[in-house]
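Just so it is clear: chains get the letters A, B, ... in the order the sequence lines come, proteins before strands, and each one is counted from 1.
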Amino acid sequence: MPEQKLTGAQIIIKALKDQGVDVIFGYPGGAVLPIYDALFQQNDLRHILVRHEQAAVHAAEGYARSTGKVGCVLVTSGPGATNAVTGLLDALCDSIPIVCLSGQVPTHLIGNDAFQEADTTGITRPCTKHNYLVKDVNNLARTLHEAFYVAKTGRPGPVVVDLPKDVQFAEGTYVPPIEVKHKTYRPQVKPDMARIEEAVELIASAKRPIFYTGGGVVNSGTMASKLLTQFVKMTGFPITSTLMGLGAFPASDPQWLGMLGMHGTYEANLAMYNCDVMINIGARFDDRVTGKISAFAPNSKKIHVDIDPSSINKNVVVDIPVIGDCAHVLEDMIRIWKARQKRPDPAALKEWWTEIKGWQARNCLNYNHTETVIKPQYALERLRDALKGKDFYITTEVGQHQMWAAQFMPFDQPNRWMTSGGLGTMGYGLPAAIGCQIAHPDSIVVDISGEASFLMNMQEIGTAVQFRAPVKIFILNNQYMGMVRQWQELLHGSRYSQSYSEALPDFVKLAEAWGCAGLRATTVAEVDAVIEKMLSINDRPVIVDIAVDPKENCFPMIPGGKAHNEILLGPADNPSNATPEDGMVLV
Amino acid sequence: MEEKIEKHTIAVLVDNEPGVLARVIGLFSGRGYNIESLTVAEVDGGAHLSRITLVTSGTRQIVEQIKAQLSRLVPVHKVRDLTDNGPRVERELALIKVAGTGEKRIEALRLADIYKAEVVDATLTSFIFELTGATEHVDEFIALMSQLGMVETSRTGVLAMAKGPVGF
């Protein structure tokens, strides 16, 4: 059979289909017109037109994180690619698999400062897992398949493929994915059994153990979450998780201590501080979690399971490193645990749980409910109760509302919670919610937002309306960049330098202008009715403006440079003396 | 407690593709690691493989981190810490231009002979010496020449290889 010649643009469409892509988030422009023309002439790939390229990447992240698939993005050259950079770095920090195709000026113009030219591979090199510039159409299919392989294997991440316009027009041959094998990239997924055996012996000998799990469990796939739950139940140990790992272990289980870290629960942080064996599965000892490194779980032996060898001993030196995929590691741990008939020390564990229950009794998420003003925590509690038993997904923006959402929204399944953890990107939540809703059209998708974050990508309401994505934007409107204000109170004498939201729009009228539903609650009594109404609207997006207490701060809080046992439970804990000078420089 | 700073020579085998050196250098600058010297050239044209030899310094934890980060780059085939892997040969090549006449010129030539430097260019008022050797050997020669009219130096940086029959 003679080799069939296709144009570069046709090769791209065929490669995407063969990689199982059904949705692509993008924005057209001069340097990607051939690809848009090829998209126009087929019906298998659905294109979601965003309003800004940053949002295309966040939407693809929401899609990827809620489905476990690779998110796909298409942007034009120059400003199209540079606008995507924030999204790409966001995906890198949170290990989200993304393939981003960017247009480029024709190969003969590269380097000539042509119109809408940017050195895209140069700019995105430190914000992607890998990137490619394709200069020959005969390398195109192979490169695209490689890009998907690199994006989704090992520690997932974003990959950019830069596509000069002449390559999109040129004719070449297509190769299917099956024939493409990467030369060098072979991440280790199966762990070293000697390490597993050591780890199991240490786990069995623990008197005050804790599981500390992260986004790696979610990234590994649903099997990893099942195995984690099974192993944690077998041991009877307490478990906490990072922001990114929420949902991997069911929050309704009594062994769950809530999130740990800077705004984590008292019991989770104290259990970390006082543990003797720490079992880190798929987390990376991020500074939001460890606090002061020299006082981090000072009397513990640490096991660290990670698929990325560079995570081992990067921030915290560990006793037993296990390199591998969480699901494989957990499967092996369970097998060895059973084969060796391991049992935890029941007396020690009973004592440990008694101590933990004492910390839980402090009721650290308690807040002063009032009938006069809506507390943000109250609004989230009501939302939580209204969603109970329903099929829902939550995204967030970044700031106080994000931390309250992490504290108050319980997740019993993985892939239900999408938030910008590592990069902390305001404006993430709305496009991520749209991407999630596109993947799950019949589910409830709520973007828990703040009024300042919402403004950062609010143009995406247009995308949601156009593609009938009935996302719910639940704005906890305190008229401040709340987390900035909270830090200014803690560290800068309450001088609210530029941290207030002036000239805000009327969010209800804004919603109506877009053809969405707009709802508002200004009194405690209105909250339930507004939530009920919000959940009843399924034919268009809903913007909900909840006027919350402008002064409320997020607790518990471990100030920068402090240890887990120096956690503040509320404003009465004298925040003015909280932060030592060396902690002030930390963000 | 101050941790000891160690100096390490690391060899990295990479695909010879555009941007690969930028990835390595960007990793060092972006993460704040030191590069004391770095050399790169294609070593297998058929397989499009290049070898990067770099000398870096840091605490043991940082050096381990550097190796892990290098291994994580997609076009990297192999990373070997030559400092940690038994005896090795390290060599640098230097070109040193010395200008002058009279006694200093004669002394420069005499020292070049002792250090086994080769004259690769000569005029009535200058020499270019070519010298190959361990870094310390090159340093010594340059220190002497700096007092005898040295006007220019060019060095390759360190190349290194583990001793014995085993290949990379």
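In this structure, chain B has heavy atoms under 4.5 Å from both the backbone and the side chain of A:Asn131. A:Arg155 touches chain B through its side chain: at least one heavy atom from C-beta onward sits under 4.5 Å away, while N, CA, C and O do not. With a 4.5 Å cut-off on non-hydrogen atoms, B:Pro75 touches chain A through its backbone and its side chain both.
Distance check: A:Leu133 CG to B:Glu17 CD gives 11.0 Å after rounding to the nearest 0.5 Å. Taking CG from B:Leu49 and NZ from A:Lys183, the interatomic distance works out to 8.0 Å, rounded to the nearest 0.5 Å. A:Lys314 NZ to B:Gln69 CD: the interatomic distance, rounded to the nearest 0.5 Å, is 6.5 Å.
With a 4.5 Å cut-off on side-chain heavy atoms, A:Ser310 and B:Gln65 count as touching. Contact annotation: the side chain of A:Thr184 approaches that of B:Asp15 to within less than 4.5 Å [non-hydrogen atoms, C-beta and beyond].
A pairwise comparison of heavy atoms in A:Lys129 and B:Val74 identifies O-CG2, 4.3 Å as the closest pair. The two residues A:Asn313 and B:Gln61 make their nearest non-hydrogen contact at O-NE2, 2.6 Å.
Residue-environment remark: CG (A:Asp113) stays at or below the threshold of 12 foreign heavy atoms within 6.0 Å. Counting non-hydrogen atoms of neighbouring residues, nucleotides and ligands closer than 6.0 angstrom, the CD1 atom of B:Ile114 exceeds 12 such neighbours.
Among A:Asp308, A:Val150, A:Thr121, A:Val317, the residue with the largest count of heavy-atom pairs under 4.5 Å with chain B is A:Asp308.
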